[in-house]
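Atoms within each ligand, like the ligands themselves, are counted from 1 in listed order.
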Amino acid sequence: MNAQELMDTARMLVAGDKGLLAMDESNSTCNKRLARLGIPQTEEARRAYRELIVTTPNLDECISGVILYDETIRQQKKDGTPFVKVITDAGIIPGIKVDTGAKNLAGHPGEKITEGLDGLRERLAEYSKMGARFAKWRVVITVGDGIPSRGCIEANAQALARYAALCQEAGLVPVVEPEVLMDGEHTLERCCEVTEEVLRTVFIQLYTQRVMLEGMILKPNMVLPGLTCPKQEAVDEVADATVRCLLRAVPAAVPGIAFLSGGQSSELASARLNAMNVRFKSRPPWALAFSFARAIQQPALEIWHGEEAHVLAAQQALYHRSLCNRAARRGEYSAAMERT
Ligand code: 13P
């Protein structure tokens, strides 16, 4: 492991006002999103869609790294150029999702455990050879009646830490993603409590597994009320709750926090990230950045609709969302940007 290289890569991923673009949907998740729009769920459709994303002009102005999926990292443009080369030539750092998904956790009804540790050392070596410089592992924590349990939080936190240690051994920066899901009726206060407990547990495990915090990125949820909670706090309240929670639980040695969007609308995700950067300015020790999938991709996917003729318009939409999120990192985003 080259510690300096890991630290440099981690810092580059959150440098300036850029952020990450997650395009690492598994085939089944990608197919679901295509199906919703009536687009055929074929390998070629997934490839064409990902080609649209990675060839978006000037994406590097806003995006420091993209997260790929196993199928995607092996794919090429129609003209035969590998996606990894297209991305690297654009000055963007390629990354790879390496967990194999969340399965039911035995003995814990309604809770999930993320799998993928078996054979991970070998897969990381292969991805590194293919050009990946960072990796991602997502765990999902459901909030509900009597859950999450300690058993679920601890099992997932330990898996995250073991994954992160293996990544650093392979020279890849781990993006550590514990996601407290938005689904449910729970309040913002409850989300805050659960997020703090999850993050504290994750950082204890990262320490126990000897993960170098300076060479990782944290990818958490924002602290939000459940989707069906009757009380939906304003943007500034969400920003305050989120940063306060993170200040209590995330060590200052972590170079950057890159939020997932988790099903928020594109506009809200940008507005909330913006509010954090406005209200806390230079106070937090880490960069407050983004690593959105849906909140960057969704408008582009809808415009594309599987039609070659819509590629340019879809790329413009993808670029526009990336610009909005770059502005949010600077604290310069405003609703007016949505009308341009
Ligand atoms: P969303 O931004 O759509 O939540 O996706 C982020 C991600 O990478 C999920 O693992």
Side-chain angles (χ1 to χ4, degrees), residues 13-14 18-34 36-37 49-50 53 62-73 93-103 112-116 132 134-143 156 159-160 163-164 167 173-184 191 195 198 202 216-224 226-227 238 242 256-273 276 288-302 317-318 321-322 324-325 328-329:
L13 287 172
V14 292
K18 297 188 192 184
L20 305 179
L21 166 57
M23 48 179 289
D24 60 332
E25 299 83 5
S26 64
N27 289 350
S28 65
T29 301
C30 187
N31 285 345
K32 268 186 228 148
R33 292 187 187 157
L34 297 178
R36 227 171 274 147
L37 296 169
Y49 176 53
R50 266 66 180 257
I53 296 178
C62 313
I63 301 296
S64 55
V66 295
I67 316 176
L68 303 169
Y69 179 62
D70 184 73
E71 177 181 88
T72 324
I73 198 171
I93 304 175
I96 178 80
K97 167 198 177 79
V98 299
D99 66 75
T100 55
K103 310 284 158 55
K112 303 271 186 201
I113 177 75
T114 298
E115 296 188 345
F134 70 102
K136 184 197 100 169
W137 178 290
R138 170 178 178 250
V139 313
V140 290
I141 305 290
T142 307
V143 183
N156 275 301
L160 263 176
Y163 137 83
C167 283
V173 168
V175 172
V176 171
E177 181 178 6
E179 175 174 8
V180 177
L181 294 170
M182 280 170 77
D183 310 83
C191 177
T195 302
V198 168
V202 166
M216 65 162 274
I217 300 292
L218 179 71
K219 174 165 173 169
N221 51 285
M222 295 183 191
V223 172
L224 304 171
L227 271 176
V238 164
T242 302
I257 292 180
F259 292 100
L260 59 93
S261 59
Q264 306 173 64
S265 72
S266 301
E267 291 82 1
L268 263 182
S270 300
R272 287 163 168 166
L273 178 63
M276 291 181 221
L288 290 169
F290 57 91
S291 176
F292 297 156
R294 282 163 288 180
I296 293 182
Q297 290 185 43
Q298 197 55 34
L301 178 59
E302 285 168 18
L318 191 86
R321 287 260 52 89
S322 306
C324 288
N325 290 310
R329 275 215 60 181

> Considering only NZ, NE, NH1 and NH2 on the basic side and carboxylate oxygens on the acidic side, decide whether Arg294 and Glu25 come within less than 4.0 Å.
no
> Which residue and atom name correspond to the protein heavy atom nearest atom 5 (O) of ligand 1, and how close is it?
Ala293 CB, 3.2 Å
> Would you say Lys97 contacts ligand 1, with heavy atoms under 4.0 Å as the rule?
no
> Checking a contact table here: which protein heavy atom is nearest atom 1 (P) of ligand 1, and how many Å away?
Ser261 OG, 3.2 Å
> Considering the options Leu181, Val140, Asn156, which one meets the side chain to side chain contact (heavy atoms under 4.5 Å, CB included) requirement together with Lys112?
Val140
> Could you check Arg36 against Glu302 for salt bridge (charged side-chain N to carboxylate O under 4.0 Å, His left out), going step by step and ending with a plain yes or no?
CA-CA 10 Å; Arg36 227 171 274 147; Glu302 285 168 18; over 6 Å; no
> Gly262 heavy atoms, cut-off 4.0 Å: which ligand 1 atoms fall inside?
1 (P), 2 (O), 4 (O)
> Return the closest protein heavy atom for atom 10 (O) of ligand 1 as residue, atom name and distance.
Lys136 NZ, 2.4 Å
> What heavy-atom pair brings Lys97 and Ile67 nearest, and what distance separates the two atoms?
N-CG2, 3.8 Å
> Just which atoms of ligand 1 are under 4.0 Å from any heavy atom in Ala22?
8 (O)
> Starting from atom 3 (O) of ligand 1, find the nearest protein heavy-atom neighbour and note its residue, name and distance.
Arg294 NE, 2.7 Å
> Indicate the atoms forming the closest heavy-atom contact of Ala269 with Ser261, along with that distance.
CB-CB, 4.3 Å
> Hey, which of Thr242, Asn325, Leu20 is the one that makes side chain to side chain contact (heavy atoms under 4.5 Å, CB included) with Phe259?
Thr242
> Can you tell me the protein heavy atom closest to atom 9 (C) of ligand 1 and the distance?
Glu177 OE2, 3.3 Å
> Search all heavy atoms of Phe134 against all heavy atoms of Val175 and return the closest pair with its distance.
CD1-CG2, 3.6 Å
> Which of the numbered atoms in ligand 1 are below 4.0 angstrom from a heavy atom of Lys219?
6 (C), 7 (C), 8 (O)
> Which atoms of ligand 1 are found less than 4.0 Å from any heavy atom of Phe292?
2 (O)
